[in-house]
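Structure first, then comments.
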Amino acid sequence: MILRSLSLLLALGPTLSFAENWPQWRGPRLDGTSQDTGFPVSADGTMTWKVELPGSGHASPIVWNDRLFIAAAVAESEQRVLICLDRATGKTLWQSNVLKAPIESIHRLNSQASSTPATDGERVFTAFLDNTETEATRKANSGRVIGKGEVPKGTVVISAHDFDGKPLWQVRPGLFSSKHGFCSSPVVFEDKVIVNCDHDGDGYIVALAKTDGKELWRIERPNHTRSYCVPLIRDIGGRTQMVLSGTLCVTSYDPRTGKLLWLIDGPTEQFVASLVFSEQTGLLYMTGGFPEHHLLAIKPDGSGNVTNTHIVWRTNKGVAYVPSPMVQGEHFLIVSDSGIGHCFDAKTGDILWEERLREHHASLASAEGHVYFINDFGTLRTVKPGKSYQAIAESELGEKVFASPALSEGQIFIRGDKSLICLGKRSAKTASR
């Protein structure tokens, strides 16, 4: 009977509906997509709860089963905190102090808690910057002429907590300096927590063991220039790749070893937005940055320096610096920081439409064939990709928004300037895929 039931379950497997958690920056695939259903298209009449958060921050919420996790900085106490909330009500279950440190200088569009946490279902990982002077930072800053607008070097702090808020481990993998402040969201891959620390100095990417924070590998980054790109990790072209832009190049590494697979020089100096990958076209898409603006479609099957061989199309139109883009079927959607939305033919790079949406810094998200745009002023637009601009709905969230949304089981979780907002009703119980 058990074997027969198992055989039936396997036979029905492709038709069974499973729900997804949203465990890290841009979700389970690191690309802003949800495969769940039942999501609202508007905030009007769908707000399940709205709760005020302590402190401030631009970190996105993450979701695991019945719990939400979010990071914040409380300026009055100089605390960087991890908060756990009940998914059903928004009630705070616990708040854990992760780090007490002087409040660092930041760009006016950044925060002291911009790094989105990540979870493996047992532990929650956070990343903050500690500006407290140490022997290492004192040595690094000694004799250094700190120009106008520049900042001294601080220390990156990566921490792990259990689901009850108990600290498990904390490590300091290296120094960091950027006049724009810190933002480096950890990514969970297999037994590792991976953190990109490109900065104005000896930049690095580090992989830490999830269980104890032990360093497993380290990549010394070239060019020593600040960038804030969260890596995309996917099986692409018959191999697992970790792809990111930053520090004057676009690079792909083996996330298991840190070995370089391929590299594209440039196309500009600084980057924030993450790359996305299209299963349909087989291409990667990169947008950035500063001081020049470029959008590239890249063949991901190269080795070594592929600058002159693997760029399929490129444009300087519709480029985003901060908001990460979206691939939806045959369409590539993007919104610039200044608020001009574009839809491209993902294969050819032809522009299908452009639309003024006002300033954006939240990254795009998608579900059920719809793409969600949330601008800085809290306007939520749900758009159906196509040859012309088609807004399914437009609604107001009631406060400014700089953080990217989290989608899970028919619910959208949005961090506003002061609050965490839940839209929609839970449509399923989370199960592992």
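Nothing here was measured: the structure is a model prediction, and the numbers come from that model.
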Under 3.5 Å side-chain donor-acceptor pair for T268 and E292: no
Closest contact, heavy atoms only, T315 versus F344: CG2-CE2, 4.0 Å
N-O pairing of R87 and D66 below 4.0 Å: no
Check: I264 main-chain N/O paired with T307 side-chain donor or acceptor under 3.5 Å: no
Ring geometry between F402 and H58 (parallel below 30°, tilted from 30 to 60°, perpendicular above 60°): parallel
Donor-acceptor side-chain pairing of Y228 and S178 below 3.5 angstrom: yes
Ring geometry between H199 and Y204 (parallel below 30°, tilted from 30 to 60°, perpendicular above 60°): perpendicular
L68 CG to I83 CD1 distance, which is reported to the nearest 0.5 Å: 11.0 Å
Non-hydrogen side-chain atoms of V250 and L263 separated by less than 4.5 Å: no
Short side-chain to backbone donor-acceptor contact, K50 and C422, under 3.5 Å: no
Donor-acceptor contact below 3.5 Å, side chain E355 vs main chain Y389: no
Heavy atoms of other groups near E220 CD, more than 12 under 6.0 Å: yes
Nearest heavy atoms of L208 and G213, plus distance in Å: CD2-O, 3.5 Å
Salt bridge (Lys or Arg N to Asp or Glu O under 4.0 Å) between R221 and D198, worked out: CA-CA 7 Å; R221 295 280 279 163; D198 284 339; 2.8 Å; yes
Donor-acceptor contact below 3.5 Å, side chain R381 vs main chain L357: yes
Carboxylate-amine/guanidinium proximity below 4.0 Å for D86 and K91: no
Closest heavy-atom pair and its distance - A297, L283: CB-CD1, 4.1 Å
Criterion side chain to side chain contact (heavy atoms under 4.5 Å, CB included) against P222, the qualifying member of T247, T251, L248, D265: T247
Side-chain donor/acceptor of S395 to backbone N/O of S42, under 3.5 Å: no
Chi angles and distances behind the ring-ring contact (aromatic ring centres under 6.0 Å, His included) call for F163, F69: CA-CA 10 Å; F163 269 39; F69 301 95; 5.0 Å; yes
Heavy-atom side-chain proximity of V187 to V230 below 4.5 angstrom: yes
Under 3.5 Å: donor-acceptor pair, side chain of T116, backbone of S60: yes
Candidates K153, R226, H224 - the one meeting side chain to side chain donor-acceptor pair (under 3.5 Å) with D200: R226
Atom pair CG (L397) and CZ (F377), whose distance is rounded to the nearest 0.5 Å: 13.5 Å
pair L380-Y372: side-chain heavy atoms closer than 4.5 Å: yes
Any donor-acceptor N/O pair, D130 side chain to T132 backbone, under 3.5 Å: yes
Parallel, tilted or perpendicular: rings of F176 and F182 (30°, 60°): perpendicular
Side-chain donor/acceptor of D36 to backbone N/O of G410, under 3.5 Å: no
Heavy-atom side-chain contact between E399 and S419 under 4.5 Å: yes
Side chain to side chain, L53 and K418, heavy atoms closer than 4.5 Å: no
Contact check, side chains of W25 and S274, non-hydrogen atoms, under 4.5 Å: yes
N375 side chain vs R358 backbone, donor-acceptor pair below 3.5 Å: no
Beyond-backbone contact of F39 with S34, side-chain heavy atoms, under 4.5 angstrom: yes
Heavy-atom closest contact (I205 atom, W217 atom, distance): O-CZ3, 3.7 Å
Geometric class of the W94/H161 ring pair [parallel <30°, tilted 30-60°, perpendicular >60°]: parallel
Ring geometry between W49 and F413 (parallel below 30°, tilted from 30 to 60°, perpendicular above 60°): tilted
Pair E279 + R29, salt bridge at N-O below 4.0 Å: no
Presence of salt bridge, D31 and R26, under 4.0 angstrom: no
CG on N141 to OG on S177, rounded to 0.5 Å: 7.5 Å
Validation row: L333, L364 side chains within 4.5 angstrom (heavy atoms): yes
Polar contact flag, side-chain donor to acceptor under 3.5 angstrom, Y285-T281: yes
Backbone of R67 reached by a side-chain donor or acceptor of N65 within 3.5 Å: no
Modelled atom types, side-chain donor and acceptor of E269 and T225, under 3.5 Å: no
Distance-only donor-acceptor check, side chains Q270 and S227, under 3.5 Å: no
Closest heavy-atom pair and its distance - F373, I334: CE2-O, 4.3 Å
Minimum-distance pair of heavy atoms, taken over all atoms of D235 and T240: OD1-OG1, 2.5 Å
Spacing of CZ belonging to R256 relative to CD1 belonging to I233, to within rounding of 0.5 Å: 9.5 Å
side-chain hydrogen bond (donor to acceptor under 3.5 Å, both in side chains) between T134 and R172, intermediate numbers included: CA-CA 12 Å; T134 66; R172 296 166 180 255; over 6 Å; no
